[in-house]
There are 2 protein chains.
Amino acid sequence: MPRILVIDDEPQIRKFMRISLVANGYEVIEAENGAQGIEAARSQVPDLLILDLGLPDLDGQEVISAVREDSDVPIIILSVRAQELDKVEALDRGANDYVVKPFGVAELMARVRAVLRPRAVKGSDEVVKTGDVCIDLARRVVTRGGEDLHLSKKEWELLEFFARSPDYVLTHKEILKAVWGPAHTDDTAYLRVYVNQLRQKLEVDPAQPLLLVTEPGVGYRLKRRD
Amino acid sequence: MPRILVIDDEPQIRKFMRISLVANGYEVIEAENGAQGIEAARSQVPDLLILDLGLPDLDGQEVISAVREDSDVPIIILSVRAQELDKVEALDRGANDYVVKPFGVAELMARVRAVLRPRAVKGSDEVVKTGDVCIDLARRVVTRGGEDLHLSKKEWELLEFFARSPDYVLTHKEILKAVWGPAHTDDTAYLRVYVNQLRQKLEVDPAQPLLLVTEPGVGYRLKRRD
DNA sequence: CATCTTCTTTACGCTCCCTTTACGCCTTCC
DNA sequence: GGAAGGCGTAAAGGGAGCGTAAAGAAGATG
């Protein structure tokens with residue numbers, strides 16, 4: 001949940017921004033002038049700063065420079081001034097984007113996502129947990145009771161396919177097509193062998209599977225349990 | 001000298017862009033349609049991509065997605081369309097900025113500088129520790145048990161790439177592309193040799209690696225241990 | 001120009017994993 | 001009750017991928 005610092009002197013704009021940002025799943029901090037904003041940027045460590053250039057106490061451009069003195073936090077500028085000179089100055093002082101008022105909420109939210117994205121790519125862990133097994137799709141790691149499990153390439157590819165659709169029944173054909181390719185949609189022998197190998201490694205009692213269960217005549221299913 | 005790929009079908013705009021960019025100290029590559037652009041983005045490894053959404057062969061939005069399939073290169077969109085929906089789609093597909101035509105050169109150049117400015121990426125710490133090995137990414141120094149290790153240039157580049165994504169499985173192709181360049185994504189012999197050399201220097205028992213582990217058929221992984 | 005380091009390339013043995021086959025049990029349908 | 005097919009399990013053969021050493025090529029250094 002990224003934390004966003006909004007610096008704007010008009011209360012209704014702050015309110016409007018807060019509502020929009022919270023609705024998009026962000027945590028919001030507010031500051032009503034430049035000095036407060038600089039202080040908050042330092043002490044609260046936000047993930048993003050949205051700054052209105054028209055502030056009562058300080059020039060907005062000065063605020064950018066002040067924040068950049070000791071932080072690389074992304075900055076999106078809001079401003080009524082559309083002159084090129086203002087944009088260039090703000091961007092060169094370290095702002096990452098410059099949006100001219102009035103603007104659409106959807107666009108601003110998209111720009112927020114865009115500017116937060118680089119860290120979101122690898123930071124968003126896709127982890128599927130079931131029983132004492134934990135499947136980390138991004139890192140390509142499986143742990144059981146905290147300890148790393150070693151899976152072969154095919155074993156992982158199969159488990160990954162299950163983990164991307166937990167609790168869904170996957171047919172033999174679907175699985176074979178995804179893991180072994182469309183030329184092997186009838187080689188159910190592969191499945192029998194590899195499902196068994198996975199069970200040996202994942203299940204408490206491989207003969208009485210609780211996680212990777214058979215759907216007779218149809219396929220298999222990875223059950224989510226806690 | 002950053003390299004910028006300009007994708008635009010109008011020759012005079014490409015010429016105009018090239019002049020402006022070269023004057024600001026950039027190297028410029030050009031493509032006149034989407035297919036060429038995607039190919040160039042893959043083979044030429046630009047540092048920035050400037051893309052006109054109105055192309056003759058492909059939808060510009062498709063080009064963004066295609067490029068993002070195997071690259072994180074920054075993308076600035078140029079477009080005559082000012083509708084919010086277009087902006088949101090482009091940004092959500094992975095573009096970093098969206099500039100509506102007509103635009104001022106000074107502003108575009110400022111946005112180019114902004115997007116190329118090195119940003120601190122959360123998660124990639126400056127110092128990575130694992131086992132008795134300490135990798136200082138900023139100082140470019142590796143120590144083991146407090147003592148400095150001497151690494152050759154390629155050895156360091158390889159270890160640095162691992163250290164920037166510890167605990168993640170990195171595929172052969174990813175590593176080769178990053179360290180030896182996109183022309184050598186199939187030369188896994190390099191990897192075998194250099195991973196072995198790193199293990200000789202980093203591991204307690206190079207034959208039983210605990211830090212730099214093999215993921216058979218996939219790639220390698222730098223494990224964080226304590 | 002000589003020497004040393006580093007990068008690239010080749011070769012070989014070995015390990016592990018994919019594939020394939022076989023067999024026994026269970027369920028289901030005649 | 002018998003037969004047939006789906007499923008679980010074990011094991012073997014073959015091959016691809018990996019580790020390792022070592023030598024030639026290229027570059028750096030004095």
Side-chain angles (χ1 to χ4, degrees), chain A residues 140 142 148-162 169-176 178-181 183-222, chain B residues 140 142 148-162 169-222:
Chain A
R140 201 188 181 283
V142 186
D148 279 24
L149 279 186
H150 174 70
L151 297 192
S152 77
K153 187 185 176 189
K154 272 280 181 312
E155 285 169 354
W156 167 260
E157 287 173 2
L158 180 58
L159 182 59
E160 180 185 21
F161 188 65
F162 280 119
V169 175
L170 303 173
T171 66
H172 296 137
K173 279 194 189 296
E174 278 179 315
I175 305 169
L176 287 164
V179 179
W180 276 270
H184 298 86
T185 51
D186 294 323
D187 295 341
T188 54
Y190 290 153
L191 272 184
R192 295 206 305 275
V193 172
Y194 274 85
V195 165
N196 183 35
Q197 288 179 14
L198 282 179
R199 282 175 179 158
Q200 298 294 330
K201 299 186 177 183
L202 302 180
E203 299 280 357
V204 181
D205 178 7
Q208 304 283 328
L210 298 172
L211 276 35
L212 202 48
V213 296
T214 303
E215 301 289 337
V218 185
Y220 296 90
R221 184 157 60 108
L222 180 68
Chain B
R140 204 193 158 95
V142 186
D148 278 24
L149 278 185
H150 171 70
L151 296 190
S152 77
K153 188 185 169 195
K154 273 278 182 313
E155 285 170 353
W156 166 258
E157 287 173 3
L158 180 59
L159 183 60
E160 180 186 21
F161 188 65
F162 280 118
V169 174
L170 305 174
T171 67
H172 296 135
K173 279 193 189 294
E174 280 179 312
I175 304 169
L176 287 164
K177 187 177 170 189
V179 179
W180 276 271
H184 298 85
T185 51
D186 293 323
D187 295 341
T188 53
Y190 289 153
L191 272 183
R192 294 207 303 275
V193 171
Y194 273 85
V195 165
N196 186 32
Q197 288 178 15
L198 282 179
R199 281 174 180 160
Q200 299 295 331
K201 300 186 177 183
L202 302 180
E203 298 280 356
V204 181
D205 178 6
Q208 304 282 328
L210 298 172
L211 276 34
L212 202 46
V213 297
T214 303
E215 299 289 336
V218 184
Y220 296 90
R221 184 157 59 110
L222 180 69

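Just the heavy atoms: all of them, side chains too, but no hydrogens, waters or symmetry mates, feed the values below. Labels below follow one simple rule: chain letters A, B, ... track the order of the sequence lines, proteins then strands, and each chain is numbered from 1.
In summary, the aromatic rings of B/Trp180 and B/Tyr194 are positioned with their centroids under 6.0 Å apart.
The separation between B/Leu158 atom CG and C/dC7 atom P is 11 Å, rounded to whole Å. As rounded to whole Å, 14 Å separates atom P of C/dC7 from atom CG of B/Leu191. We find that NZ of B/Lys153 is positioned 14 Å from C1' of C/dT8, with the value rounded to whole Å. For A/Gln208 and C/dC26, the CD to P distance is 12 Å, given to the nearest whole Å. If you measure from atom CD of A/Glu155 to atom P of C/dT19, you get 12 Å, rounded to the nearest angstrom. Separating the NZ atom of B/Lys154 from the P atom of D/dA28 is a distance of 12 Å, rounded to the nearest angstrom. Atoms CG (A/Leu176) and P (D/dC7) sit 11 Å apart, rounded to a whole Å.
Under 4.0 angstrom from either OP1 or OP2 of C/dC18 there lies at least one side-chain N or O belonging to A/Ser152. Residue B/Tyr190 places at least one side-chain N or O under 4.0 Å from the OP1 or OP2 atom of C/dT9. For D/dG8, one of the phosphate oxygens OP1 or OP2 lies less than 4.0 angstrom from a side-chain nitrogen or oxygen of A/Thr214. Look at A/Trp180 and you'll find a side-chain N or O under 4.0 angstrom from OP1 or OP2 of C/dT19. A/Thr188 has no side-chain polar atom (N or O) that falls below the 4.0 Å cut-off from OP1 or OP2 of D/dC7.
Mapping A/Leu151 and A/His184 onto DNA chain C via the closest heavy atom, the residue that lands nearer the 5' end is A/Leu151.
Smallest separation of non-hydrogen atoms from A/Ser152 and A/Arg140: O-NH2, 4.5 Å. Pairing each heavy atom of A/Ile175 with each of A/Leu170, the nearest pair is CD1-O, 3.6 Å. When all heavy atoms of B/Glu203 and B/Leu211 are compared, the closest pair comes out as OE2-N, 2.8 Å.
Between the side chains of A/Thr214 and A/Arg199, a donor-acceptor pair is found at a separation under 3.5 Å.
Heavy-atom distances under 4.0 Å link DNA chain D to A/Arg192, A/Val193, A/Asn196, A/Arg199 of residues 192-205 of chain A, given in residue order.
B/His172 and B/Tyr220 have perpendicular rings, their planes meeting at more than 60° on a 0 to 90° scale where under 30° would count as parallel.
Separating the CG atom in A/Leu176 from the NE2 atom in A/His184 is a distance of 9.0 Å, to the nearest 0.5 Å.
Side chain of B/His172, nearest nucleotide from C/dC17, D/dT20, D/dC18: D/dC18. Distance from the side chain of A/His150 is smallest for C/dC17 among the nucleotides C/dC17, D/dG19, C/dT21.
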